[in-house]
Amino acid sequence: MASEPDDLYTLRTLFWLGNYQRAVTEGSGLTRLPEALRIEVKEFVYRSYIAMGQHSIVLDEIKDAPGTPVSLQAVKLLARYLSDPSATELVLMTLGEWLADPSS
């Protein structure tokens with residue numbers, strides 16, 4: 001059984017153990033990765049910021065552009081929900097649109 005090395009093992013471990021600051025630091029150092037893994041690194045880094053209560057970083061850095069991956073848009077939506085509980089209706093409406101759109 002051949003298995004490939006997991007380039008994100010340390011990042012995932014730090015995140016799931018709740019060591020969010022170290023996860024952010026680890027994610028910043030992972031630069032030479034394929035595009036799919038770079039997106040996953042960003043997901044974990046931004047989720048770490050959310051877990052530390054730093055929602056504004058996520059809201060500022062993830063752009064509302066057509067080219068932004070859906071996974072990062074979902075992380076931004078989580079940050080919006082947690083930073084502004086009055087935005088619940090907007091968040092639910094956005095999720096409903098995503099679920100109704102067969103192309104996503």
Side-chain angles (χ1 to χ4, degrees):
M1 178 171 107
S3 63
E4 297 179 20
D6 184 359
D7 295 326
L8 305 184
Y9 177 80
T10 304
L11 174 62
R12 286 187 186 107
T13 301
L14 291 168
F15 177 82
W16 291 116
L17 290 175
N19 197 339
Y20 303 118
Q21 186 58 56
R22 289 218 27 228
V24 169
T25 304
E26 175 71 19
S28 319
L30 297 172
T31 55
R32 294 183 169 198
L33 297 171
E35 181 64 21
L37 287 181
R38 282 198 307 253
I39 292 170
E40 191 172 348
V41 166
K42 289 179 183 179
E43 292 168 19
F44 278 105
V45 168
Y46 289 137
R47 288 173 63 194
S48 295
Y49 280 128
I50 291 170
M52 291 187 295
Q54 298 176 355
H55 308 114
S56 61
I57 293 173
V58 178
L59 294 171
D60 292 341
E61 290 187 9
I62 299 176
K63 303 300 176 205
D64 290 323
T68 304
V70 174
S71 59
L72 292 178
Q73 291 176 11
V75 171
K76 183 174 183 174
L77 196 61
L78 174 63
R80 180 172 292 131
Y81 171 75
L82 293 174
S83 68
D84 182 13
S86 67
T88 302
E89 288 301 319
L90 174 68
V91 170
L92 291 176
M93 184 177 66
T94 304
L95 285 173
E97 289 172 6
W98 288 354
L99 292 173
D101 185 8
S103 66
S104 34

Out of curiosity, [X] [atom1] to [Y] [atom2], how far, rounded to the nearest 0.5 Å?
X: Leu95; Y: Trp98; atom1: CG; atom2: CH2; result: 6.0 Å
X: Thr68; Y: Lys63; atom1: OG1; atom2: NZ; result: 9.0 Å
X: Leu82; Y: Ile50; atom1: CG; atom2: CD1; result: 6.5 Å
X: Glu89; Y: Thr94; atom1: CD; atom2: OG1; result: 11.0 Å
X: Lys76; Y: Asp60; atom1: NZ; atom2: CG; result: 8.0 Å
X: Leu72; Y: Asp64; atom1: CG; atom2: CG; result: 11.5 Å

For the hydrophobic clusters of this structure (ILVMFWY residues joined by side-chain heavy atoms under 4.5 Å, transitively), does one cluster hold both [X] and [Y]?
X: Leu78; Y: Val58; answer: yes
X: Val41; Y: Leu14; answer: no
X: Tyr81; Y: Met93; answer: no
X: Leu17; Y: Tyr9; answer: no
X: Leu37; Y: Leu11; answer: yes

Distance-only, no hydrogens or angles: does the Glu43 side chain make a donor-acceptor pair with backbone N or O of Val75 under 3.5 Å?
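The answer is no, because no donor-acceptor pair under 3.5 Å joins these two groups.
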Scan residues 30-42 for pairs that pass salt bridge (Lys or Arg N to Asp or Glu O under 4.0 Å), counting only residues two or more places apart or in two chains.
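Sorted result for residues 30-42: Arg12-Glu40, Glu35-Arg38.
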What are the two closest non-hydrogen atoms of [X] and [Y], and how far apart are they?
X: Gly27; Y: Val45; answer: CA-CG2, 3.8 Å
X: Ile39; Y: Pro69; answer: CD1-CG, 3.7 Å
X: Gln73; Y: Ala65; answer: NE2-O, 3.8 Å

Determine whether the side chains of Glu26 and Thr10 contain a donor N or O and an acceptor N or O closer than 3.5 Å.
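On atom types as modelled, these side chains do not qualify, holding no pair under 3.5 Å.
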State which residue, out of Tyr49, Tyr46, Tyr20, fulfils the ring-ring contact (aromatic ring centres under 6.0 Å, His included) condition with Phe15.
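Result: among Tyr49, Tyr46, Tyr20, Tyr20 is the only option passing the ring-ring contact (aromatic ring centres under 6.0 Å, His included) with Phe15.
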Run the side-chain contact (heavy atoms from CB on, under 4.5 Å) check on Leu8 and Leu33 step by step: do they pass?
CA-CA 10 Å; Leu8 305 184; Leu33 297 171; 4.0 Å; yes
